[in-house]
Amino acid sequence: MSVMKDLSRGIIRDNAVFRLVLGLCPTLAVTGTAENGLGMGLSATAVLVCSNLVVAALRNVIPNKIRIPCFIVIIATFVTMVDMLLNAFLPALHAQLGIFVPLIVVNCVILGRAEAFASRNPVLNSAADGIGIGLGFTLALTTLGAVRELLSKGTIFHANILGSGYQPFQVFGFPPGAFIALGLMLALFNMLSRKFRLE
Amino acid sequence: MKEIARLGLILMLICAVAAGSLSYVNGITSAIIADREEKEKIAQMQKLFPDVATLEDKTVDGMTATIGLDGAGKMVGLLAEARTEGYAGTIRFTLAVDGSGKIVGVNILSQSETPGLGDKIKEPAFLSQFVGKTGKDPITAGQDIDILAGATVSTRAMASGVKKALAEILVRFMGAEAPKQPTFNPSALKDGKYTGTADGFKSDIKVEVTIVGGKITEIKVLEHNDTANFFKMAEEEVIPRIINKQSVEVDAASGATGSSKGIMQAVLNALAK
């Protein structure tokens, strides 16, 4: 499979949230606003690319029996590094993301890609897969965040869209609203993918 | 056996490399982070008190404050953390007070009030109402602090929390005298009816206390707007206890602490005049 194909596949065809239905915990928890969704998506992408690279490079060294603990150690190391580097060099972004960064450790998209792809494919393809899946995840989180922010506050990225007369749907700012919004978006995505024959 | 040792060794190697690289990154970043945090702290204090040159942390009676000193070592203001019980949990906030005992700013650190209603307490439009208040101001919801629509309990919690924190700061860090706790002695009071008002859970509670022969014989609630069934619990338990003990230092009705404390304080206010 070509590198380009590995990259583009993750964005729509194998979208982590809408097609693989992976990583739903952060998807539901941090998408109250589009900004949080974007920040979480990009941080997860950075970790995903790094961990895919290392896992692919070590794929012949790591014994099959202990691959999961090895993957977790590698992922946790990168997450901690990203956390420390953000705190030191991009404090504004770090303050914005807060608890979301350490939470990336338990994001099953990253472990899932390490297990399903990076441990079986060359370094370059794994990096491309990481970028593709990461962008797809970012796209999904940002879209869901935008929809929830629009419905619960009438804004997207803090820009007022629906005007001051809009009576907000408070529920979309809460966890139940996350489930409802995600369900509706999954339905829409399934409908579109059937129409364009992505199956 | 050999297999386990081999697996363990490989995992240990990976962990060792991970730990090594983390400690390397930490070595680079920790100094930068600590340096930035210190600078941010001073910058934050300078925003409140432009003359601050150095900071000093001080703890008095369990309350910690960051005290800002000017070049000559004189206190120009302090920043202290306090908490109050809101509608849906503890509200943590910081209170900045200048050298003359005036509030310079209030900032909410964490709160879990109802989104869209009670969480408006963290908005500048609400918090700016506290700026400029001193220990002599009432700092009471409905008087000098506007009540947020739909968030009476949150507003009252913030107002009384700020008032209490300011009083504590003045006593602990600014050398103000501790206010005397009002007391009363029913046997020294003339027969008659006394009225008093105090803060309940979400409204003012007004009571009428009857004294006959130096004893509290009856306590009637004249006005309140607390949640009816909780208030009833408080009323039915606390009033007999006060009459029984001839004191307001009695147990609150469990589940209705706010209303219970309000009744006790109102009786105290009535008799301590």
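Just so it is clear, the model here is predicted, and its values are computed rather than measured. So you know, we letter chains A, B, ... as the sequences are listed, proteins then strands, and number each from 1.
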Flag yes if more than 12 heavy atoms outside [X] fall under 6.0 Å of its [atom1] atom; otherwise flag no.
X	atom1	value
Lys163(B)	NZ	yes
Phe89(A)	CZ	yes
Phe173(B)	CZ	yes
Phe172(A)	CZ	yes
Tyr87(B)	OH	no
Phe157(A)	CZ	yes

Work out which heavy atom in Thr77(A) is nearest to a heavy atom in Leu22(B); give both atom names and the distance.
O-CD2, 3.6 Å
On a heavy-atom basis, the closest approach of Pro63(A) and Arg6(B) is CB-NH2, 4.2 Å
Tell me, out of Ala31(B), Ser30(B), Ala19(B), Ala18(B), who's got the most heavy-atom pairs with chain A below 4.5 Å.
Ala18(B)
I need the single residue from Ile62(A), Ile66(A), Asn64(A) that forms a side-chain contact (heavy atoms from CB on, under 4.5 Å) with Leu7(B). Which is it?
Ile66(A)
Separation of [Y] [atom2] from [X] [atom1] (nearest 0.5 Å):
X	Y	atom1	atom2	answer
Lys65(A)	Ile10(B)	NZ	CD1	11.5 Å
Ile72(A)	Cys15(B)	CD1	SG	11.5 Å
Met84(A)	Ile32(B)	CE	CD1	11.5 Å
Leu85(A)	Asn26(B)	CG	CG	10.5 Å

Can any side-chain N or O of Arg36(B) pair as donor or acceptor with the backbone N or O of Asn87(A) at less than 3.5 Å?
yes
Proximal component of Phe78(A), with respect to chain B [non-hydrogen, under 4.5 Å]:
neither
Is Ser21(B) in contact with chain A via its backbone, its side chain, both, or neither, using a 4.5 Å heavy-atom distance?
both
